[in-house]
Structures are given as structure tokens and as C-alpha cells.
Amino acid sequence: MAVNYKKGEKDTRPWGTWEVLDVGENYIVKKITVLPNKKLSLQMHHHRSEHWIISEGNAMVTLDEKTFEAPSNTPIFIETKQKHRIANETDLPVIFIEIQTGDTLDENDIVRFEDAYGRV
């Protein structure tokens with residue numbers, strides 16, 4: 001098991017920010033803020049699954065080929081190797097809590113299929 005995050009770690013991305021709220025032996029908890037009219041890349045992970053709970057705002061979520069609206073208090077489960085994306089098509093921030101579990105929890109475990117910001 002490799003957890004490569006530290007509690008309090010933060011980063012700014014073109015779509016918003018993330019902050020690590022807690023780290024355990026086989027999990028991490030992040031608070032993620034998606035700015036208005038921004039979206040994360042369509043991606044998947046080889047080594048982790050994710051549980052999301054939309055805490056604030058109204059998100060558009062893509063899981064594989066399906067896209068749906070996810071208002072506040074919506075739970076979402078993303079399986080290992082499942083394509084996923086979250087987008088904010090509103091004028092207010094979307095905030096969600098992400099719990100990652102798996103054998104390797106690392107920012108390098110991202111395979112991008114589409115990215116609005118030119119990242120690979």
C-alpha cells in the first residue's frame with residue numbers, strides 16, 4: 001500500500017483547488033472546489049476507487065458514457081478503471097468531498113482521455 005499524500009497538502013489546478021483533509025493507511029479524504037464553468041479532465045485510475053459526496057453546488061458528473069446532474073448531497077461511487085469527470089456548468093463553485101481507497105494513492109495515478117487545459 002502506498003499513500004503519497006500528507007494531511008494539509010493543497011494544490012491549485014486550472015479548474016479549481018484540492019486540499020487533503022485526512023490520510024489513513026489505505027485512504028485519503030480531499031475537499032475539492034471546482035470553479036464556475038470549469039471541469040476536470042475525463043480520467044480514470046488504475047489503483048484507486050473514489051467516493052464523492054457533492055457538498056455544495058450543482059455538478060454535472062460523467063461516469064463512462066453516462067452524464068447526469070448531481071445536486072448537493074448526492075453520493076457517487078467511481079470504480080477502479082472507470083472513466084469519470086465532474087464539471088461545474090453554473091456561476092457558483094461546486095464543492096465535493098472525495099474519499100480515495102486503493103493500493104496506490106498518488107497524483108500520478110491519473111490517465112486522462114480528454115482535458116480542456118492541454119494536460120496529458
Side-chain angles (χ1 to χ4, degrees):
M1 180 84 47
V3 178
N4 294 316
Y5 291 96
K6 292 181 175 50
K7 188 174 180 177
E9 186 176 358
K10 301 176 185 182
D11 198 10
T12 300
R13 299 293 171 100
W15 45 261
T17 60
W18 59 259
E19 176 183 1
V20 177
L21 302 177
D22 198 16
V23 177
E25 187 175 315
N26 60 355
Y27 71 90
I28 71 152
V29 180
K30 282 184 179 178
K31 175 185 174 186
I32 300 175
T33 301
V34 183
L35 297 172
N37 300 300
K38 300 288 184 179
K39 62 184 173 182
L40 281 68
S41 57
L42 180 63
Q43 60 187 256
M44 71 93 167
H45 311 287
H46 287 288
H47 302 284
R48 72 178 187 236
S49 60
E50 297 176 347
H51 299 261
W52 294 348
I53 184 77
I54 308 300
S55 329
E56 190 175 310
N58 195 23
M60 292 301 293
V61 173
T62 301
L63 294 179
D64 292 323
E65 305 303 319
K66 183 180 175 186
T67 300
F68 57 93
E69 191 172 336
S72 183
N73 207 31
T74 300
I76 299 144
F77 177 67
I78 298 110
E79 296 180 32
T80 303
K81 299 183 181 176
Q82 184 174 29
K83 287 184 184 179
H84 61 281
R85 174 194 333 246
I86 192 164
N88 180 358
E89 298 177 354
T90 74
D91 293 329
L92 299 171
V94 166
I95 298 172
F96 67 101
I97 303 301
E98 174 182 271
I99 301 169
Q100 299 177 8
T101 59
D103 58 11
T104 301
L105 303 176
D106 188 308
E107 277 303 296
N108 294 320
D109 183 26
I110 299 174
V111 177
R112 289 189 176 94
F113 298 96
E114 293 176 15
D115 185 72
Y117 314 104
R119 299 171 299 169
V120 290

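We use all heavy atoms of the structure for the numbers below, so side chains are in, but hydrogens, waters and symmetry mates are not.
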Rounded to the nearest 0.5 Å, how far apart are [atom1] of [X] and [atom2] of [Y]?
X	Y	atom1	atom2	value
Met60	Thr67	CE	OG1	6.0 Å
Glu98	Ile78	CD	CD1	7.0 Å
Leu105	Ile99	CG	CD1	12.0 Å
Thr104	Asn26	OG1	CG	12.0 Å
Thr62	Gln82	OG1	CD	11.0 Å
Ile28	Asp22	CD1	CG	9.5 Å

So does [Y] get a backbone contact from the side chain of [X], meaning a donor-acceptor N/O pair under 3.5 Å?
X	Y	result
Asn88	Ala59	no
Thr90	Leu92	yes
His84	Leu42	no
His45	Asp109	yes
Asp11	Trp18	no
Tyr117	Lys39	yes

Under the rule for salt bridge (charged side-chain N to carboxylate O under 4.0 Å, His left out), what residues qualify as partners of [X], not counting sequence neighbours?
X	result
Glu50	Arg48
Glu65	none
Glu114	Arg85
Asp106	none

Going by atom types alone, do Thr80 and Ser49 pair a side-chain donor with an acceptor below 3.5 Å?
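No pair is found: no donor N or O on one side chain lies under 3.5 Å from an acceptor on the other.
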Q.
With no hydrogens and no angle check, just 3.5 Å: does a side-chain donor-acceptor pair link Glu107 and Asn4?
A.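 Checked: Glu107/Asn4 side chains show no N/O donor-acceptor pair below 3.5 Å.
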Student check: side-chain heavy atoms of [X] and [Y] closer than 4.5 Å:
X	Y	value
Val94	Asn58	no
Ile76	Phe96	no
His46	Lys81	yes

Intermediate values then yes/no, side-chain contact (heavy atoms from CB on, under 4.5 Å), Asn73 and Ile54
CA-CA 5 Å; Asn73 207 31; Ile54 308 300; over 6 Å; no
Closest non-hydrogen atom pair, [X] against [Y]:
X	Y	result
Tyr5	Gln100	CE1-OE1, 3.7 Å
Pro93	Pro36	N-CG, 4.0 Å
Glu56	Ser72	N-OG, 4.1 Å

Residues which pass side-chain contact (heavy atoms from CB on, under 4.5 Å) with Lys31, listed by chain and number, not counting sequence neighbours =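 Applying side-chain contact (heavy atoms from CB on, under 4.5 Å) to Lys31 gives Leu21, Thr33, Ile95, Ile97.
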Non-neighbouring partners of Phe77 that pass ring-ring contact (aromatic ring centres under 6.0 Å, His included), sequence neighbours left out: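 ring-ring contact (aromatic ring centres under 6.0 Å, His included) list for Phe77, sorted by chain: His51.
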Hydrophobic cluster identity match, [X] and [Y], side-chain contacts under 4.5 Å:
X	Y	result
Phe68	Val34	yes
Leu40	Val20	yes
Ile86	Met44	no
Val29	Ile110	no

Query raised in the report: Taking it one step at a time, do Lys30 and Glu19 satisfy side-chain contact (heavy atoms from CB on, under 4.5 Å)?
Result: CA-CA 5 Å; Lys30 282 184 179 178; Glu19 176 183 1; over 6 Å; no
